Amino acid sequence: MILIDEKYERFRAGVRDFVKEVVEPRADDIDKEGTFPEDVVKACAEQGYLGLVVPEELGGAGTDTLEYTIVVEEVSRACGSTGIILAAHNSLGTWPILNFGAEEQVDEYVPPLARGERMGAFGLTEPNAGSDAAGTQTTAVLDGDHYVINGSKCFITNASDDRDTGYVITAVTDKEQGVRGISSFIILGGTSGFRVAKHENKMGLRGSETAVLEFADVKLPKENLLGKEGDGFKQFMVTLDGGRISIGAMALGIAQGALDHALERAKTRVQFGKPIGTKQAIQFKIADMATQVDAARAMVYNAALLKDAGKPFSTESAAAKLYASEVSYFCTYEAIQIFGGYGYMKDYPLERFYRDTRLTEIGEGTSEIQRIVIARNLLGKLS
Ligand SMILES: Cc1cc2nc3c(=O)[nH]c(=O)nc-3n(C[C@H](O)[C@H](O)[C@H](O)COP(=O)(O)OP(=O)(O)OC[C@H]3O[C@@H](n4cnc5c(N)ncnc54)[C@H](O)[C@@H]3O)c2cc1C
């Protein structure tokens, strides 16, 4: 158990009640149907979960980062799909506008996102620019009072032509400037020349939409530039620092969910005349899972607290995401082992947790990239 201020435990209790009543009963069907859970997301919006960390005067819930972390953790404990929908919407689709947007952009774009009337998405990854996001190839050419955007993005969470969606995307405005030539833009779904070209069919997180975006001579007003030309690379590095806390929270929630089920099973499954939890082999698995979940929680919460305190947190958020995602994979693997053959069946949620958590070692920077970020922060630039 991690000792945090009592107000956060009270907050968690409220989130947990909501998850038990609304999210958990739908989680299996969301996975089986593989469709975006409109009903659950609407209920989340009513709770303010689509406006976490957005000030109340802009239509948000005005929570701090630790409260946001707790929401993503508790939701993911039951349903990873809903967890990633909230994480991508809040950290990637909304936060960059809130943080880097001019006052008019914040006033125009943030309230509908915070109220959940519009979903938020973030388009950074491209077919030829994944881990190496500096290799962005989508271009934005200034032509009078607008930019002309051409290119494509892939694997974009929450992307959809079916619902009102706002995107923050990156594009090259000056090829000669390298990473200083990448800029960010706000673009709404339905803009002429911009379309969702393909919906991916994924192994897990099946209720979350993941799609390819295409831009063909899209005319975007100059006012849609986020910050200044050339700020895009810096902006998305900072955005991902924060986003990694929420992916860490998602991994943590799934790990805790797997541990909860494993504990229950260890107490109730009788073999050789006794509950399997009487066997040291099972006890050691439970002990290792619980120890690692607590350590992951301490790291994820610490990164959130550092962010809220205005202190540097890039190393800590990368380490928290790296560790929590690997713990989550371990816990879902071991929970299936504790369930034996039943864990392999779709009648129980363990195989879903196992599939869902695999993304946490890939999205918002793979585990290899987290290690690079941590080492680079510690070592500096060596020649
Ligand atoms: C379900 C899902 C949702 C996603 N949502 C979004 C989203 O909303 N927005 C968005 O912009 N992107 C999103 N992504 C993309 C995600 O961030 C990328 O998949 C990820 O950054 C890895 O890029 P890649 O897939 O191109 O892999 P690659 O970059 O091709 O990497 C392949 C392998 O090589 C390794 N590798 C690459 N470079 C190095 C290096 N320098 N040193 C050591 N190893 C290296 C990687 O770690 C990996 O193991 C999503 C992806 C998925 C699967």
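All ligand and atom numbering here is 1-based and tracks the order in the structure. Owing to the predicted nature of the structure, the values given are computational and were not obtained by experimental measurement.
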S.K.: Could you tell me whether the side chain of Arg355 and the main chain of Met203 form a donor-acceptor pair under 3.5 Å?
M.R.: yes
S.K.: My understanding is that we take every heavy atom of each candidate and find the minimum distance to atom 5 (N) of ligand 1. Doing that for Thr125, Leu205, Thr157, which one comes out nearest?
M.R.: Thr157
S.K.: Just by distance, do the side chain of Arg244 and the backbone of Glu364 share a donor-acceptor pair under 3.5 Å?
M.R.: yes
S.K.: Any protein heavy atom lying closer than 4.0 Å to atom 50 (C) of ligand 1?
M.R.: yes
S.K.: Whether Glu209 and Arg163 form a salt bridge (side-chain N of Lys/Arg under 4.0 Å from carboxylate O of Asp/Glu) is what I want to check.
M.R.: yes
S.K.: If only atom types and distance count, is the side chain of Lys346 paired as donor or acceptor with the main-chain N or O of Asp28 below 3.5 Å?
M.R.: no
S.K.: For atom 39 (C) of ligand 1, what's the nearest protein heavy-atom neighbour? Residue, atom name and distance, please.
M.R.: Ile369 CD1, 4.1 Å
S.K.: Does ligand 1 have a heavy atom under 4.0 Å from the side chain of Leu124, from its backbone, from both, or from neither?
M.R.: both
S.K.: Lys202 heavy atoms, cut-off 4.0 Å: which ligand 1 atoms fall inside?
M.R.: 1 (C)
S.K.: Polar-atom distance check: Leu359 versus ligand 1, any N or O pair below 3.5 Å?
M.R.: no
S.K.: Flag atom 30 (O) of ligand 1 as yes if some protein heavy-atom distance to it falls below 4.0 Å, otherwise no.
M.R.: no
S.K.: For Thr210, give me all partners under side-chain hydrogen bond (donor to acceptor under 3.5 Å, both in side chains), at least two apart in sequence or on another chain.
M.R.: Lys202
S.K.: From atom 53 (C) of ligand 1, is the closest protein heavy-atom distance below 4.0 Å?
M.R.: yes
S.K.: What protein heavy atom sits nearest atom 45 (C) of ligand 1, and how far off is it?
M.R.: Glu368 CB, 4.4 Å
S.K.: Show which atoms of ligand 1 fall inside a sub-4.0 Å distance from at least one heavy-atom site of Ile372.
M.R.: 40 (C), 41 (N), 42 (N)
S.K.: Applying a heavy-atom cut-off of 4.0 Å, say which part of Glu364 lies close to ligand 1: side chain, backbone, both or neither.
M.R.: backbone
S.K.: I need the single residue from Leu52, Leu58, Leu50 that forms a side-chain contact (heavy atoms from CB on, under 4.5 Å) with Val54. Which is it?
M.R.: Leu58
S.K.: Check this for me, if you would: do Lys32 and Asp29 make a salt bridge, where the nitrogen-to-carboxylate-oxygen distance has to be below 4.0 angstrom?
M.R.: no
S.K.: Would Thr360 and Ser328 count as having a side-chain donor-acceptor pair, cut-off 3.5 Å?
M.R.: no
S.K.: Do any pairs count as a ring pair (Phe, Tyr, Trp, His ring centres under 6.0 Å) and have a residue in residues 230-285, sequence neighbours left out, and if so which ones?
M.R.: Phe233-Phe236, His261-Phe353
S.K.: Report yes or no: does Lys153 contribute a side-chain atom to a donor-acceptor pair with the main-chain N or O of Thr170 at less than 3.5 Å?
M.R.: yes
S.K.: Return the residue, atom name and 0.1 Å-rounded distance of the protein heavy atom closest to atom 19 (O) of ligand 1.
M.R.: Phe155 CD1, 3.8 Å
S.K.: How close does the nearest protein non-hydrogen atom get to atom 36 (N) of ligand 1, and which residue and atom is it?
M.R.: Ser131 OG, 4.3 Å
S.K.: Assess whether atom CD of Glu103 is packed by more than 12 heavy atoms of other residues, nucleotides or ligands within 6.0 Å.
M.R.: no
S.K.: Please report which non-hydrogen protein atom sits nearest to atom 9 (N) of ligand 1, along with the residue it belongs to and the distance in Å to one decimal place.
M.R.: Phe122 O, 2.8 Å
S.K.: Heavy-atom distances under 4.0 Å decide this one: backbone, side chain, both or neither, for Asp132 against ligand 1?
M.R.: neither
S.K.: Which residue holds the protein heavy atom closest to atom 48 (C) of ligand 1, what is that atom called, and what is the gap in Å?
M.R.: Thr366 CG2, 4.0 Å
S.K.: Looking only at non-hydrogen atoms, which of Ala159, Ser208, Gly130, Gly243 approaches atom 26 (O) of ligand 1 most closely?
M.R.: Gly130
S.K.: Has the side chain of Thr94 got a donor or acceptor atom that lies under 3.5 Å from a matching backbone atom of His89?
M.R.: yes
S.K.: Looking at Ile156, which atoms of ligand 1 are within less than 4.0 Å of one of its heavy atoms?
M.R.: 7 (C), 8 (O), 9 (N), 10 (C), 11 (O)
S.K.: Which protein non-hydrogen atom lies closest to atom 20 (C) of ligand 1, naming both residue and atom, and how far is it?
M.R.: Ile362 O, 3.6 Å
S.K.: Could you tell me whether Thr210 and ligand 1 have an N or O pair separated by under 3.5 Å?
M.R.: no
